[in-house]
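Comments concern the structure below.
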Amino acid sequence: APPGDARVELAVFGTRQQDTMPRLQLAFPHRIVERFTELERDIDFARLGKGEYRLQVTVRGAGGSLLAKRESQFTVE
């Protein structure tokens with residue numbers, strides 16, 4: 001992504017097909033200085049409860065343009 005201001009959106013979903021609404025959602029600004037490759041954020045998943053989840057990370061640039069979108073599954077034990 002090119003340098004500039006961005007908005008990072010995190011959403012956590014259950015892994016069942018009917019889980020279309022996020023169980024946890026947050027967004028925050030992020031400044032892209034050079035090439036956007038890593039982002040670090042502490043998030044407490046304790047309130048989700050045990051189970052399988054899908055994390056969706058979306059990065060949008062100025063004007064809402066989509067810069068990146070990634071998903072990954074994880075387990076809360």
Side-chain angles (χ1 to χ4, degrees):
D5 292 326
R7 176 180 169 88
V8 178
E9 303 164 355
L10 303 177
V12 177
F13 300 86
T15 57
R16 298 175 301 186
Q17 189 171 355
Q18 65 266 30
D19 291 331
T20 57
M21 296 295 292
R23 304 261 183 103
L24 175 69
Q25 195 170 13
L26 64 118
F28 51 91
H30 184 74
R31 179 83 178 150
I32 299 173
V33 179
E34 292 183 14
R35 184 174 174 187
F36 186 76
T37 56
E38 290 186 22
L39 174 71
E40 185 176 321
R41 192 77 171 192
D42 290 328
I43 301 171
D44 182 6
F45 291 126
R47 72 179 193 174
L48 292 175
K50 293 181 180 181
E52 300 286 323
Y53 296 93
R54 178 174 49 95
L55 172 66
Q56 183 181 79
V57 179
T58 305
V59 181
R60 297 187 183 279
S65 60
L66 181 64
L67 300 178
K69 188 172 187 176
R70 301 288 186 270
E71 291 187 5
S72 183
Q73 290 192 306
F74 67 96
T75 302
V76 175
E77 298 179 345

Taking only residues two or more places apart in sequence, or in another chain, which ones meet F13 in a ring pair (Phe, Tyr, Trp, His ring centres under 6.0 Å)?
none
Spatial distance of atom CG (D5) from atom CZ (R31) [nearest 0.5 Å]
4.5 Å
Any idea which heavy atoms bring V59 and A6 closest together, and the distance?
CG1-CB, 4.0 Å
Any side-chain heavy-atom pair of F74 and F45 under 4.5 Å:
yes
From R60 atom CZ to H30 atom NE2, the distance as rounded to the nearest 0.5 Å:
16.0 Å
As an exercise, state the distance from OG1 of T75 to NZ of K50, rounded to the nearest 0.5 Å.
12.0 Å
Which atom pairs, donor and acceptor, lie under 3.5 Å between side-chain atoms of residues 17-25 and protein residues at least two apart or in another chain?
residue, atom, partner, partner atom, Å
D19, OD1, R16, NH2, 3.2
D19, OD2, R16, N, 3.2
D19, OD2, R16, NE, 3.3

For L67 and I32: C-alpha separation, side-chain torsions, deciding distance, then whether side chain to side chain contact (heavy atoms under 4.5 Å, CB included) applies.
CA-CA 11 Å; L67 300 178; I32 299 173; 4.0 Å; yes
From Q73 atom CD to Q56 atom CD, the distance as rounded to the nearest 0.5 Å
12.5 Å
